[in-house]
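Structure, as C-alpha cells:
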Amino acid sequence: MVANVRISADEYLAQPETNHIVELIDGEVIVTTPTDLHQAILGSIYFVLRSTFPIGTYRLAPTGIQFDDYHVVEPDIFWVSPENTTCQVVDGRIWRGAPDLVIEIISPSNARYDRDVKYHLYERNGVREYWIIEPEAAYIEVYRLTAGKFERAGFYGKGETLITPTLNYTPISMDAVFE
C-alpha cells in the first residue's frame, strides 16, 4: 500500500531552490512543466502589463506565495499594488498574503489545479482578481472577488480590450497578449 506523504510549508521551503514550478497544495508537492506556448504567452502578458501599467510589484513563477502551513503556490504572474500591505516578501524568497492580481496560464498538466483547486484557494485567501488564460483558444477569463466570492467579470479574446478597476481601468490589448 502506498501512502501519500503530506508535508508542511516549512518542510517545503527547506527544499533546495529550483527553476521548476513546484507547489505545495494541501500538503502535497505538485510539479508542473509549462509548454512552449505557455511560456510565450507568459512573456507577452508580462511585457504588456509592465509596459501599460508599471505601478506596483509584478512577479513571475517560480516565485512562491505562502497562504498557510500547507499551501505554497507559484502563480505564473502575480501583482501587488503599492497600497497592499498584507502581501509581503519574507526573507527575500517567499511572499506571504494575498496579491491583488493572480494570473494562471492553462497547460494540459495544470488545468485541473488552476480551474478548481487554486481558484478556490485564491478566493478563500482574498486575492482581489484572478485571470485564467487559455493559450490555445486565446482568451482570458477574469474573476473578481465580491463579498468573499469570485464572480466572473469578463471573458476577453483577440480584438478585445480588457479593462479592470484592479489595474486602475488601464486598457490591456488582447491582440498584444496573443500576438
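Along the sequence shown, the residues carry numbers beginning at 1.
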If the condition is ring pair (Phe, Tyr, Trp, His ring centres under 6.0 Å), which residues does Tyr12 pass it with, not counting sequence neighbours? none
Decide yes or no on side chain to side chain contact (heavy atoms under 4.5 Å, CB included) for Trp131 and Thr164, but give the supporting numbers first. CA-CA 11 Å; Trp131 297 3; Thr164 174; 4.2 Å; yes
Side-chain heavy atoms under 4.5 angstrom apart, residues restricted to Ile, Leu, Val, Met, Phe, Trp, Tyr: same cluster for Ile25 and Val72? no
Heavy-atom pair with the smallest gap, counting every atom of Ser8 and Tyr70: CA-CE2, 3.9 Å
Rounded at 0.5 Å granularity, tell me how far CD1 in Ile77 sits from CD1 in Ile105. 5.5 Å
Give the cluster check for Leu60 versus Val22: same hydrophobic cluster or not, with ILVMFWY residues linked at side-chain heavy-atom distances below 4.5 Å. no
Out of curiosity, Thr32 OG1 to Tyr113 OH, how far, rounded to the nearest 0.5 Å? 10.0 Å
Specify whether Tyr58 and Trp79 have parallel, tilted or perpendicular ring planes, treating 30° as the upper limit for parallel and 60° as the lower limit for perpendicular. tilted
Could you note down all residue pairs passing side chain to side chain donor-acceptor pair (under 3.5 Å) where residues 85-104 supplies at least one of them, sequence neighbours left out? Gln66-Arg96, Ser81-Asp100, Asn84-Thr86, Asn84-Asp100, Asp100-Arg128, Glu104-Lys118, Glu104-Tyr122
To check you understand the geometry: which heavy-atom pair defines the closest contact between Val177 and Ser44, and what is its length? O-CB, 3.2 Å
Looking only at heavy atoms, what is the nearest atom pair of Gly56 and Pro82, with distance? CA-CD, 3.9 Å
Salt bridge or not for Glu129 and Arg144, using N-O below 4.0 Å? yes
Is there a donor-acceptor pair closer than 3.5 Å between any side-chain N or O of Glu160 and the backbone N or O of Gly157? yes
Flag yes if Ile45 and Val142 sit in one hydrophobic cluster, no otherwise; membership is Ile, Leu, Val, Met, Phe, Trp, Tyr, and two members link when side-chain heavy atoms are under 4.5 Å apart. yes
Nearest non-hydrogen partners of Gly159 and Asp175, listed with the distance: N-OD1, 2.7 Å
With rounding to the nearest 0.5 Å, note down the distance linking CD1 in Ile103 to CD1 in Ile140. 7.0 Å
By ring pair (Phe, Tyr, Trp, His ring centres under 6.0 Å) - contacts of Phe47 (at least two apart): none
Mind checking side-chain contact (heavy atoms from CB on, under 4.5 Å) for Leu37 and listing every partner two or more places apart, or none if nothing turns up? Thr35, Ile41, Pro135, Glu136
Please confirm whether the backbone N or O of Glu141 pairs with a side-chain atom of Arg152, one donor and one acceptor, at under 3.5 Å? no
In this structure, CG of Leu13 is separated from CD1 of Ile94 (nearest 0.5 Å) by 5.0 Å
Spell out, yes or no, whether Val90 and Phe67 are grouped together once hydrophobic residues are joined by side-chain heavy atoms under 4.5 Å, including indirect joins. no
Contacts of Glu123 that satisfy side-chain contact (heavy atoms from CB on, under 4.5 Å) - sequence neighbours left out: Tyr119, His120, Leu145, Lys149, Phe150
Treating Ile, Leu, Val, Met, Phe, Trp and Tyr as nodes and any side-chain heavy-atom pair under 4.5 angstrom as an edge, say whether Ile7 and Val73 lie in one connected cluster. no
Check: Phe78 and Ile65 side chains under 4.5 Å, non-hydrogen atoms: yes
Hits for ring pair (Phe, Tyr, Trp, His ring centres under 6.0 Å) against Tyr139, two or more places apart or cross-chain, chain-then-number order -> Phe155
At their closest point, which heavy atom of Pro99 faces which heavy atom of Val102, and how far apart are they? CG-CG2, 3.9 Å
Quick one: closest heavy-atom pair of Gly97 and Cys87, and the distance? O-SG, 3.6 Å
Report yes if some heavy atom in the side chain of Thr166 is under 4.5 Å from a heavy atom in the side chain of Phe53; otherwise report no. no
Rounded to the nearest 0.5 Å, what's the gap from CG on Leu167 to CG on Leu101? Could you check? 5.5 Å
Within the side chain of His71, is there an N or O that forms a donor-acceptor pair under 3.5 Å with the backbone of Asp26? yes
When you compare the side chain of Pro34 with that of Leu42, does any pair of heavy atoms fall below 4.5 Å? no
Could you give the distance from CG (Asp68) to CG (Asn125), rounded to the nearest 0.5 Å? 6.5 Å
Does the side chain of Tyr143 reach to within under 4.5 Å of the side chain of Ile132, using non-hydrogen atoms? yes
Taking C-beta and beyond as the side chain, do His38 and Ile21 meet within less than 4.5 Å on heavy atoms? no
